[in-house]
*Asks:* 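Please see the structure below; I have some questions.
Just so it is clear, the model here is predicted, and its values are computed rather than measured. Each chain gets a letter, A, B and so on, in the order the sequences are listed, and its residues count up from 1. What's counted below: heavy atoms across the whole structure, side chains too, no hydrogens, waters or symmetry copies.
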Protein chains: 2
Amino acid sequence: MSERAAQIVTAARELIEDGGADALTMRALANRLGIRAPSLYKHFPDKAAVEAQVIGVAMTELAEALEAAGPGLPALGVAYRRYALAHPHLYRLMSSGPLPRDLLPPGVEERAAMPLVRAVAFDEAASRAAWAFAHGMVILELDGRFPPGADLGSAWEAGMAAFSVP
Amino acid sequence: MSERAAQIVTAARELIEDGGADALTMRALANRLGIRAPSLYKHFPDKAAVEAQVIGVAMTELAEALEAAGPGLPALGVAYRRYALAHPHLYRLMSSGPLPRDLLPPGVEERAAMPLVRAVAFDEAASRAAWAFAHGMVILELDGRFPPGADLGSAWEAGMAAFSVP
DNA sequence: CTTGACTGGCTAACAGTGTTAGCCCTACTG
DNA sequence: CAGTAGGGCTAACACTGTTAGCCAGTCAAG
């Protein structure tokens, strides 16, 4: 990826982080770089390709955060939630809708999943269930679907306890 | 709500059900009713208001489906998943992003939640954890985030078993 | 040294989006 | 009979992603 392309991805990430996915428009993106929108197409075929790069970055970061977490399911849950809350728009972007797998860094999906898979001793069903729980908790929290003031810490504990017992 | 307004909501629902949320445009909606887009604004203040009505209908239907399910957490999970898979675009619409609570039929949110709350004996933390699990499983399945051919039945069982043990 | 290709910018434009302003006909009501 | 409200319409605006086509600079080959 060229120098300029990397700058574009960085700018796109910034736009998304402080304005949500809707704030990423080709004109706004170009503006941030001091150029015009059509020039972006010299570096990326379309907007989806730019978004895919941002998703790739976000997934890599999430993977790193999970790898850095202590062992054990609860620690993993905390790290997962922490990343999502620190980068809500980024998390939503990378976790919602179909994933452009062919445009992502190869293996990043598996890499992000590995810490959890190991934490449940390679039990596929358990790892998928735990992932669904964590994603559900996070996305419902980000979207404000829980009642205001709900004790989400307790809900996390309840889930972690449920999945930790063998 | 007037006769015409009800027709608009029905048409909007149909557009979403067979084309996704993106297929609901004011022009397409008007077209389906044989009128022009600006005329819709005689009945609804904006597109969000129409969507909110569709969400209200969907949430009511989901609540009914859950109330009709047999008692017990697993039956509830099956009913939840079945509704989501039968109406994927509708489910995504009602479960993603901020909820326009002030435009929804009053109490519909609580009504949809009640069967689950009762199934876990009014344990708030448990009900939220179970909800997060179910939503996570469904939305990840709808979005194709699980590996192709993954055994989701096992993952559901693993989750249901985890949450059923007291 | 010139010529050609490539890179990366630009303007103008198009189709599609939600939405507003303003007009007009019809029906019902005082 | 007058007037008002309901509900349609066209024209238009600002915004979106995207394409076509032009042009300046750089750099290597003949």
Side-chain angles (χ1 to χ4, degrees), chain A residues 1-57 89-90 92-94 96-100 102-104, chain B residues 1-57 89-90 92-94 96-100 102-104:
Chain A
M1 189 165 63
S2 80
E3 172 80 20
R4 200 54 159 156
Q7 292 176 6
I8 292 174
V9 172
T10 299
R13 183 223 170 102
E14 290 166 3
L15 280 175
I16 291 172
E17 285 230 61
D18 52 70
D22 289 353
L24 176 63
T25 71
M26 296 304 267
R27 284 173 177 82
L29 179 54
N31 205 301
R32 199 174 185 96
L33 296 164
I35 62 177
R36 299 298 149 98
S39 301
L40 295 170
Y41 293 82
K42 298 288 180 171
H43 304 276
F44 292 93
D46 50 28
K47 185 184 174 185
V50 181
E51 276 178 347
Q53 291 298 317
V54 176
I55 291 174
V57 171
H89 297 303
L90 226 42
R92 223 192 306 262
L93 178 70
M94 87 174 125
S96 305
L99 200 59
D102 44 339
L103 299 178
L104 258 37
Chain B
M1 189 164 63
S2 80
E3 172 80 17
R4 199 55 160 152
Q7 291 175 7
I8 292 174
V9 172
T10 299
R13 184 224 169 100
E14 290 166 3
L15 280 175
I16 291 171
E17 285 229 61
D18 52 69
D22 289 353
L24 176 63
T25 72
M26 296 303 268
R27 285 173 176 84
L29 179 54
N31 206 300
R32 199 174 185 96
L33 296 163
I35 62 178
R36 299 299 149 95
S39 301
L40 295 170
Y41 292 83
K42 299 288 181 173
H43 304 277
F44 292 93
D46 50 27
K47 185 185 174 183
V50 181
E51 277 179 345
Q53 292 297 318
V54 176
I55 291 175
V57 171
H89 297 303
L90 226 42
R92 223 191 306 262
L93 178 70
M94 87 173 126
S96 304
L99 199 59
D102 45 339
L103 299 178
L104 257 38

*Asks:* Nearest whole angstrom, please: distance from the P of D:dG17 to the CG of A:Leu29.
*Replies:* 9 Å

*Asks:* Please lay out, stage by stage, how B:Met1 and B:Val9 fare under the test side-chain contact (heavy atoms from CB on, under 4.5 Å).
*Replies:* CA-CA 10 Å; B:Met1 189 164 63; B:Val9 172; 4.2 Å; yes

*Asks:* Could you state the CZ-C1' distance from A:Arg27 to D:dA14, rounded to the nearest angstrom?
*Replies:* 10 Å

*Asks:* Side-chain contact, heavy-atom cut-off 4.5 Å: B:Val50 with B:Leu40?
*Replies:* no

*Asks:* What's the NZ-C1' distance between B:Lys47 and C:dT19, to the nearest Å?
*Replies:* 12 Å

*Asks:* Output one line per pair: protein atom, nucleotide atom from nucleotides 3-10 of chain D, and distance, for all N/O pairs under 3.5 Å.
*Replies:*
| unit_1 | atom_1 | unit_2 | atom_2 | d |
| --- | --- | --- | --- | --- |
| D:dG7 | N7 | B:Lys42 | NZ | 3.4 |
| D:dG8 | OP1 | B:Arg4 | NE | 3.0 |
| D:dG8 | OP1 | B:Arg4 | NH2 | 3.4 |
| D:dG8 | OP2 | B:His43 | NE2 | 2.7 |
| D:dG8 | O6 | B:Lys42 | NZ | 3.1 |
| D:dC9 | OP2 | B:Arg36 | N | 2.5 |
| D:dC9 | OP2 | B:Ser39 | OG | 3.0 |
| D:dT10 | OP1 | B:Arg36 | NH1 | 3.3 |
| D:dT10 | OP2 | B:Arg36 | NH1 | 3.1 |

*Asks:* Taking atom P of C:dT7 as reference, at what distance in whole Å does atom CE of A:Met1 sit?
*Replies:* 17 Å

*Asks:* Quick one, B:Arg13 and B:Leu24 - any side-chain contact, counting heavy atoms below 4.5 Å?
*Replies:* no

*Asks:* May I have the distance from B:Leu15 (atom CG) to C:dG18 (atom P), rounded to whole angstrom?
*Replies:* 11 Å

*Asks:* Heavy atoms under 4.0 Å, any strand shown: does B:Leu24 hit a base, just sugar-phosphate, or nothing?
*Replies:* sugar-phosphate

*Asks:* Taking B:Ile35's backbone N and O only, do any of them form a donor-acceptor pair with B:Ser39's side chain (distance below 3.5 Å, no angle check)?
*Replies:* no

*Asks:* Give the rounded distance in Å between these two atoms: CG of A:Asn31 and P of D:dC15.
*Replies:* 13 Å

*Asks:* Would you kindly give the CG-to-P distance between B:Asp46 and D:dC15, to the nearest whole Å?
*Replies:* 18 Å

*Asks:* Whole-Å distance between D:dT18 P and A:Tyr41 OH?
*Replies:* 4 Å

*Asks:* Within the supplied structure, the quantity of interest is the number of heavy atoms (other residues, nucleotides, ligands) at a distance under 6.0 Å from A:Asp18 CG; does it exceed 12?
*Replies:* yes

*Asks:* Could you check B:His89 against B:Glu17 for side-chain contact (heavy atoms from CB on, under 4.5 Å), going step by step and ending with a plain yes or no?
*Replies:* CA-CA 6 Å; B:His89 297 303; B:Glu17 285 229 61; 5.7 Å; no

